[in-house]
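Accompanying notes for the structure given below.
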2 protein chains.
Amino acid sequence: MLTMSTLKKSHAEFHHGDLQAALVTAGLRHVEKHGLNSLGLRQLALVTGVSPTAVYRHFADLEHLKAAVGKASRETLGKMMLDALKSAPANKTAKGAIARFLAIGGAYIDFGIKKSNLSEIAFICFDSPELEPDSPNPSELLMASLTELNEIGCLSDRNYKTAPTIAWSMVHGFAGLAAQGATGNSGETLASKRDVLMAVLKSLDIK
Amino acid sequence: MLTMSTLKKSHAEFHHGDLQAALVTAGLRHVEKHGLNSLGLRQLALVTGVSPTAVYRHFADLEHLKAAVGKASRETLGKMMLDALKSAPANKTAKGAIARFLAIGGAYIDFGIKKSNLSEIAFICFDSPELEPDSPNPSELLMASLTELNEIGCLSDRNYKTAPTIAWSMVHGFAGLAAQGATGNSGETLASKRDVLMAVLKSLDIK
DNA sequence: GGCACAATGTTAACAATGTCAACATTAAAG
DNA sequence: CTTTAATGTTGACATTGTTAACATTGTGCC
């Protein structure tokens with residue numbers, strides 16, 4: 001009988017170890033370099049050194065695989081936001097809380113600009129079907145920053161109710177537009193990352 | 001010889017008339033009903049009653065066809081914005097200009113909510129390669145509304161510079177999030193369409 | 001230890017897709 | 001009327017996602 005093990009694979013590496021994770025990280029790497037459109041099941045299996053149908057032991061569908069890559073992409077964004085938070089002042093003052101909000105929101109926007117391919121897959125298929133929530137979770141990190149602003153006293157309870165949606169919409173929208181180069185086309189009129197974040201603060205009556 | 005004309009098509013309808021437009025509108029209809037993922041070249045040709053390869057006489061590529069459908073989608077958004085503008089007060093006052101901004105921005109958001117499938121293709125592949133600009137153009141309509149606010153005197157020149165990006169980011173971001181049902185998940189804290197538009201006005205020191 | 005059994009991977013095949021090359025038909029220009 | 005460009009058709013090819021049937025590996029149970 002002509003089997004795979006008699007040809008190339010040693011008995012020890014017939015099983016891959018952790019294929020599920022390998023596929024996701026390979027998918028992440030591919031999307032980052034070549035975009036979402038060209039992300040294929042077979043090609044991904046080839047890169048990972050595995051048979052195309054092996055993928056179906058870990059993902060029901062290509063769509064589910066994409067959802068997993070999307071989740072991973074959101075999680076790298078979450079890590080970037082946490083990093084930005086660490087590089088920000090830690091003072092428990094209004095000024096400190098504002099600085100942390102700027103850092104977190106800025107990281108979100110930077111992600112959209114510098115990793116536009118990842119940003120694309122991160123926010124398509126938002127609702128991963130029965131896939132445990134991201135950790136760290138970008139939108140919750142943003143919300144936590146607003147909660148802190150509220151607790152420290154520079155965000156009224158009234159504004160706090162709508163703050164998450166407003167902040168998220170603005171940051172998310174600017175990141176998305178920037179990812180497509182749509183923010184620098186109108187000659188005179190354009191706003192930078194800082195302008196956008198300051199606009200959020202102003203709309204929330206902060207400072 | 002066995003030709004198509006001897007079988008089914010009369011000589012008069014061998015040529016389609018305006019296939020280019022027919023493909024685009026068929027594509028629009030399909031995306032609206034069944035989403036962007038399942039938009040295929042062959043299926044589209046079948047629906048239009050034409051051979052698959054006939055598409056290549058009008059579009060270099062499936063990607064170019066999608067770009068055309070995306071443009072058409074943006075144009076239907078533009079029409080909805082114009083309709084909303086007509087149903088708004090026409091007074092050349094501050095109050096009127098604000099009402100018109102709310103109408104235009106609201107139409108943009110409604111498009112994201114009610115036509116989420118179209119919204120998806122409308123803002124993927126933003127830069128149609130050498131495809132003449134949309135008419136009516138959604139982002140320009142939004143900008144025009146801001147210009148009017150500026151000319152009428154309730155938007156300072158300083159804020160006017162950044163206003164297009166800020167307004168567009170907020171509206172576009174909220175529409176995108178709403179299209180994915182991501183705006184109603186956090187229990188207490190959520191904002192409605194009106195809240196978002198009012199936040200834009202406040203961040204621009206209007207009224 | 002030996003053995004059922006789940007987990008994981010492989011091969012072979014199928015239908016459908018995007019795309020190309022070569023050919024046919026119609027419309028327009030000389 | 002003939003030539004030529006526009007538009008559409010057929011046939012084929014490589015690639016893709018997916019399924020069914022089979023092989024291999026690791027695990028718990030007696």
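Every chain is numbered from 1 and lettered A, B, ... according to where its sequence line falls, protein lines coming before strand lines.
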What pairs with A:His30 under side chain to side chain contact (heavy atoms under 4.5 Å, CB included), at least two apart in sequence or on another chain? A:His34, A:Ser38, A:Leu39, A:Gln43
Under 4.0 angstrom between A:His58 side-chain N/O and C:dA7 OP1 or OP2: no
What's the CD-C1' distance between B:Gln20 and D:dG8, to the nearest Å? 15 Å
Can you measure B:Asn37 atom CG to C:dT17 atom C1' for me and round it to whole angstrom units? 15 Å
Nucleotide N/O of nucleotides 16-19 of chain D paired with protein N/O under 3.5 Å:
from   : atom 1 : to      : atom 2 : distance (Å)
D:dG17 : OP1    : A:Leu41 : N      : 2.9
D:dG17 : OP2    : A:Leu41 : N      : 2.9
D:dG17 : OP2    : A:Arg42 : N      : 3.0
D:dG17 : N7     : A:Arg42 : NH1    : 2.6
D:dG17 : O6     : A:Arg42 : NH1    : 2.8
D:dT18 : OP1    : A:Asp61 : OD1    : 2.8
D:dT18 : OP2    : A:Tyr56 : OH     : 3.0
D:dT18 : OP2    : A:Leu62 : N      : 3.2
D:dT18 : O5'    : A:Tyr56 : OH     : 3.1
D:dT18 : O4     : A:Arg42 : NH1    : 3.4

Going by atom type alone, with no hydrogens or angles, which donor-acceptor pairs under 3.5 Å involve a side-chain atom of residues 195-205 of chain B and a protein atom two or more places apart or on another chain?
from     : atom 1 : to       : atom 2 : distance (Å)
B:Asp195 : OD2    : B:Ser192 : N      : 3.0
B:Asp195 : OD2    : B:Ser192 : OG     : 3.2
B:Lys202 : NZ     : A:Asp205 : OD2    : 2.8
B:Ser203 : OG     : B:Val200 : O      : 2.9
B:Asp205 : OD2    : A:Lys202 : NZ     : 2.8
B:Asp205 : OD2    : B:Asn159 : ND2    : 3.2

Rounded to the nearest angstrom, tell me the gap between atom CG in B:Leu46 and atom P in C:dA16. 11 Å
Side chain to side chain contact (heavy atoms under 4.5 Å, CB included) partners of B:Ala175, counting only residues at least two apart: B:Tyr108
So which pairs with a foot in residues 114-124 of chain B pass side chain to side chain donor-acceptor pair (under 3.5 Å), sequence neighbours left out? B:Glu32-B:Lys115
Answer yes or no: is there a donor N or O on one side and an acceptor on the other, between the side chain of A:Arg100 and the main chain of A:Leu149, under 3.5 Å? no
Between P on D:dG26 and CZ on A:Arg57, what's the gap in Å once rounded to a whole number? 16 Å
Side-chain donor-acceptor contacts of residues 21-29 of chain B below 3.5 Å, not counting sequence neighbours, with atom names and distances?
from    : atom 1 : to      : atom 2 : distance (Å)
B:Thr25 : OG1    : B:Ala21 : O      : 3.4
B:Thr25 : OG1    : B:Ala22 : O      : 3.1

Just how far, in rounded Å, is P of C:dG9 from CG of A:Leu44? 14 Å
